[in-house]
Amino acid sequence: MAAGTLEIAIQPFGQIAHGPLLAIAAGLERAFGFRADVRESKQLPPTAWMAQRKQYDSTHLILFLESCAKPGDFRILGVCDRDIASPIMTFVFGEAEIDGRFAVLSLHRLRQEVYGMPANDVLFCKRAAKVAIHEIGHTLGLRHCFRSHCVMYPADAVEITDIKTEEFCPSCSEKLKAARTPD
């Protein structure tokens, strides 16, 4: 695969400010060398709503992304501003198909305001880019890494997202390079 010849489609759900979407696209382009294209927003599917939890089902959102795919799409990242969870987690920042094409992330818990703190757009956009890179890394076959500064380190709290970088550790970089090298 030649860098820059493939595209990651960013599929917003609902009304999302342009700033975080641009930060996500720029982060993905830096991390992977693929062009990232922001698509026109779609509504969140009502069937993904978990009324009892007041959250959207992240796994259902990934399945819905299949209907958003266009011929030639390499990877698709769904982005929403609503709280998401998986059936076994109280919340997730994102979820992805390992070695698949689809991933989703929520901007909701990446905002300082959710934790009673003043808004910080710079920090918010950095968090969004890190989660996007992490989730697309999963679609390219990367698993969680146990080096705390690697972007593939698992984060179950926003403070962990703040500690890690947008970079892959040497081990994850090698795995990514091997995954992107044709046989």
Side-chain angles (χ1 to χ4, degrees), residues 1-12 19-38 58-59 61-63 65-66 69 72-80 84-111 120 122-183:
M1 294 178 217
T5 61
L6 299 174
E7 181 177 297
I8 299 171
I10 299 170
Q11 179 60 68
L21 294 172
L22 289 176
I24 289 168
L28 292 171
E29 288 176 355
R30 279 191 308 273
F32 300 106
F34 304 141
R35 192 174 83 228
D37 178 51
V38 178
S58 57
T59 305
L61 292 175
I62 287 175
L63 295 173
L65 281 173
E66 291 181 27
D73 281 344
F74 177 59
R75 297 289 186 274
I76 301 177
L77 174 68
V79 179
C80 71
I84 64 175
S86 71
I88 61 168
M89 304 287 288
T90 58
F91 77 92
V92 293
F93 295 121
E95 183 178 337
E97 295 178 318
I98 303 289
D99 285 322
R101 292 178 51 209
F102 305 102
V104 65
L105 76 83
S106 168
L107 299 172
H108 178 75
R109 291 180 188 255
L110 302 177
R111 297 180 184 285
N120 181 332
V122 172
L123 181 60
F124 171 59
C125 287
K126 284 182 181 180
R127 289 171 175 170
K130 289 176 190 180
V131 174
I133 294 165
H134 179 98
E135 298 307 335
I136 293 299
H138 281 317
T139 69
L140 294 168
L142 294 179
R143 306 288 197 254
H144 283 150
C145 177
F146 293 99
R147 291 171 184 88
S148 62
H149 286 74
C150 180
V151 73
M152 293 309 297
Y153 189 78
D156 60 0
V158 75
E159 296 84 2
I160 295 172
T161 301
D162 293 341
I163 291 169
K164 63 185 185 175
T165 68
E166 288 186 24
E167 306 295 322
F168 296 100
C169 71
S171 177
C172 288
S173 290
E174 284 302 313
K175 290 175 187 171
L176 186 60
K177 191 181 301 180
R180 291 172 54 187
T181 304
D183 292 342

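When reading the values below, keep in mind they use all heavy atoms of this one structure, side chains included, and skip hydrogens, waters and symmetry mates. Just so we're clear, the structure is a prediction, and the values are computed from it rather than from any experiment.
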What's the spacing between Cys145 SG and Lys164 NZ if we round to 0.5 Å?
-> 9.5 Å
Shortest non-hydrogen pair, Ala25 vs Val38, comes out as CB-CG2, 4.5 Å
Glu97 side chain reached by Glu66 side chain, heavy atoms, under 4.5 Å = yes
Check whether any side-chain heavy atom of Tyr153 lies under 4.5 Å from a side-chain heavy atom of Ile163, and answer yes or no.
-> no
Closest heavy-atom pair and its distance - Glu7, Asp37 | OE2-CB, 3.4 Å
Parallel, tilted or perpendicular: which fits the ring planes of His134 and His138, with parallel below 30° and perpendicular above 60°?
-> perpendicular
Determine yes or no for a side-chain-to-main-chain donor-acceptor pair under 3.5 angstrom, with Lys130 supplying the side chain and Val151 the backbone.
-> no
When rounded to the nearest 0.5 angstrom, what distance separates CG in Leu142 from CD1 in Ile136?
-> 11.0 Å
Could you go step by step and tell me if Val158 and Phe93 meet the side-chain contact (heavy atoms from CB on, under 4.5 Å) rule?
-> CA-CA 9 Å; Val158 75; Phe93 295 121; 4.2 Å; yes
Please confirm whether the backbone N or O of Cys169 pairs with a side-chain atom of Arg147, one donor and one acceptor, at under 3.5 Å?
-> no
Under 4.5 Å between any side-chain heavy atoms of Ile133 and Phe32, yes or no?
-> yes
Can the positive tip of Arg75 be found less than 6.0 Å from the middle of the six-membered ring of Phe34, inside 45° of the ring normal?
-> no
Nearest-0.5 Å distance, OG1 of residue Thr59 to CD1 of residue Ile88 = 8.5 Å
Measure the spacing between CD1 of Ile62 and OG of Ser86 and express it to the nearest 0.5 Å.
-> 9.5 Å
Closest non-hydrogen atom pair between Phe168 and Leu176, with its separation | CE1-CD2, 3.8 Å
Sidechain-backbone polar pair: Thr165 side chain, His149 backbone, donor-acceptor under 3.5 Å | yes
Taking the side chain from Glu135 and the backbone from Val104, do they hold a donor-acceptor pair closer than 3.5 Å?
-> no
For Leu77 and Ala132, which heavy atoms make the closest approach, and how far apart are they?
-> CD2-CB, 3.7 Å
Taking the side chain as C-beta and beyond, is there a heavy-atom pair between Thr139 and Arg101 under 4.5 Å?
-> no
Is there side-chain contact between Phe124 and Leu107, with heavy atoms separated by less than 4.5 Å?
-> yes
Minimal non-hydrogen separation, Gly94 against Ile84, with atom names | CA-CD1, 4.3 Å
For Glu29 and Ala36, which heavy atoms make the closest approach, and how far apart are they?
-> OE2-N, 2.9 Å
Separation between CD (Gln11) and CG (Asp73), nearest 0.5 Å, reads 9.5 Å
What is the distance from atom CD1 of Ile10 to atom CG of Leu28, rounded to the nearest 0.5 Å?
-> 5.5 Å
